[in-house]
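I have placed the structure first, in the form of structure tokens, so that the comments after it can refer back to it.
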Amino acid sequence: MTFGQFFNDLASWESLFSLGVLGAFLLGAFILRLVLNAVATRLEARGPESIAPDMLRAARVPAIVLVLLLGVYLAVMSLPVEGTAWRGVVTRMWQIGIVIAVVQAGASAIDFFTKWYTRVIAPKTPTAMDDVLLPQVRRFALVVVYGIGALIVLDTLGVTISPLLGALGITGLALALAVQPTLGNFFAGTYVLSDGALNVGDYIELAGGPSGYVIEVGWRSTKIRTVYNNMVIIPNSVLSDTIVTNYQSPSNAVSVLVHCGVSYESDLQQVHDLALEASRAAIKDNPHATDSDPVVNFRSFGDSNIDFYVFAQANDRIASFRLTSDIIREIHARFTEAGIEINYPVRKLVYEDGQEPPSGATVPAAPEDGD
């Protein structure tokens with residue numbers, strides 16, 4: 001077929017049918033747009049928080065594009081032009097256009113649902129898992145959608161994709177082995193987030209490791225701010241494999257144990273009363289302490305003292321350090337005023353038959369436990 005014959009065929013009156021088909025689909029696309037807008041507006045009036053209106057508006061452009069592509073394809077295929085080769089090319093181009101439109105619609109749907117979930121659902125969930133993982137899931141889903149679309153386009157163009165799929169499988173295995181530590185941190189982060197044991201603002205302490213306030217729980221690592229105002233980055237794989245103490249779970253209040261000891265010659269009832277009085281005085285009007293009443297109990301017969309402890313409760317972990325200092329200072333002042341002795345580590349030597357130690361002899365102090 002020559003170009004002259006091709007244009008003569010296009011100039012025939014039968015081409016008006018093709019224009020009519022194209023016009024009908026253009027009108028249909030316009031009507032579809034009006035209908036979707038009207039339905040979305042009505043649904044939004046009935047339920048302002050419903051997902052349907054936004055979903056219809058998001059689907060409006062892909063739906064109109066598909067209608068227009070179908071109209072253009074049918075109009076071109078109905079042209080009174082002889083030959084079949086050009087029809088195959090047009091059909092293939094139309095198929096590629098449909099694939100691109102569907103892939104873009106899928107990507108738009110993923111983006112829409114991600115934003116809707118982040119805006120409406122995520123603030124109502126008890127953990128921050130969805131806030132952190134959703135962007136990663138969105139990126140992965142978009143890569144999958146675009147990848148599938150690219151493979152379908154290549155197959156439509158006649159490119160054999162079986163070797164490409166095999167190469168992708170081998171490449172994916174190699175990448176999985178190469179990024180195994182990163183994947184381990186990712187899945188560990190998923191566990192940390194889904195478990196809900198840690199939240200931003202909690203004061204945590206790792207066994208044999210750092211302690212501080214959680215400022216961010218990410219998909220690869222968790223960041224904490226120590227009491228020295230330094231940021232420590234902990235890989236999630238390490239965090240999930242160690243013992244973690246959360247001082248703000250199940251509540252912010254932290255128990256405080258203040259250990260002390262008095263000499264064996266002390267009046268234990270007086271010691272108990274003074275320690276309790278001093279603890280109550282330290283807690284009264286103290287912004288770092290709760291309203292609970294302190295408890296004083298004797299613990300054991302030590303090497304040099306009779307040991308006891310004071311049990312109190314602070315508002316949080318940081319307040320426990322300050323409350324401990326206040327109780328120690330108050331007890332020491334009361335015991336000093338009453339003449340109650342808190343011994344250094346000492347040893348008492350008893351000689352037979354009332355013998356006295358040699359003149360000038362000294363007895364060294366016994367070492368403390370652990371020295």
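Heads up: numbering here begins at 1 and tracks the sequence.
Residue I318 is not grouped with residue I224 when hydrophobic side chains (ILVMFWY) are merged at heavy-atom distances under 4.5 angstrom, including chains of intermediate members. Linking Ile, Leu, Val, Met, Phe, Trp and Tyr whenever their side-chain heavy atoms come within less than 4.5 Å leaves V296 and L257 in two separate clusters. Following chains of ILVMFWY side-chain contacts shorter than 4.5 Å, one cannot reach L239 starting from I233, and the two form parts of different hydrophobic clusters. Clustering ILVMFWY residues whenever any of their side-chain heavy atoms sit less than 4.5 angstrom apart, transitively, puts L26 in a cluster other than the one holding F30.
Environment of CD1 in I243: sparse, with no more than 12 heavy atoms of neighbouring residues, nucleotides or ligands closer than 6.0 Å. Within 6.0 Å of OH in Y264 there are more than 12 heavy atoms belonging to other residues, nucleotides or ligands. Within a 6.0 Å radius of NE2 in H272, other residues, nucleotides and ligands contribute more than 12 heavy atoms.
A donor-acceptor contact shorter than 3.5 Å links the side chain of N286 to the backbone of A282. Looking at S266, its side chain does come within 3.5 Å of a backbone N or O of S263 through a donor-acceptor pair. Side chain of S108 to backbone of Q104: a donor-acceptor contact under 3.5 angstrom is found. Proximity of a side-chain donor or acceptor of N305 to a complementary backbone N or O of D307 within less than 3.5 Å is not detected.
Ring orientation note: the planes of Y73 and W94 are close to parallel, at an angle under 30° on the 30°/60° scale.
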Evaluate the side-chain contact (heavy atoms from CB on, under 4.5 Å) criterion for residues L274 and F335: first the C-alpha distance (whole Å), next the side-chain angles of each, then the deciding distance (0.1 Å), finally the verdict.
-> CA-CA 7 Å; L274 282 178; F335 281 10; 3.9 Å; yes

Could you go step by step and tell me if Y309 and C260 meet the side-chain contact (heavy atoms from CB on, under 4.5 Å) rule?
-> CA-CA 6 Å; Y309 65 86; C260 187; over 6 Å; no

Do Y213 and D202 pass the side-chain hydrogen bond (donor to acceptor under 3.5 Å, both in side chains) test, and can you show the C-alpha distance, the side-chain angles, and the key distance before you say yes or no?
-> CA-CA 5 Å; Y213 288 101; D202 289 351; over 6 Å; no

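Test I340, I306, I331, L276 against V271 for side chain to side chain contact (heavy atoms under 4.5 Å, CB included) and you get one pass: I340.
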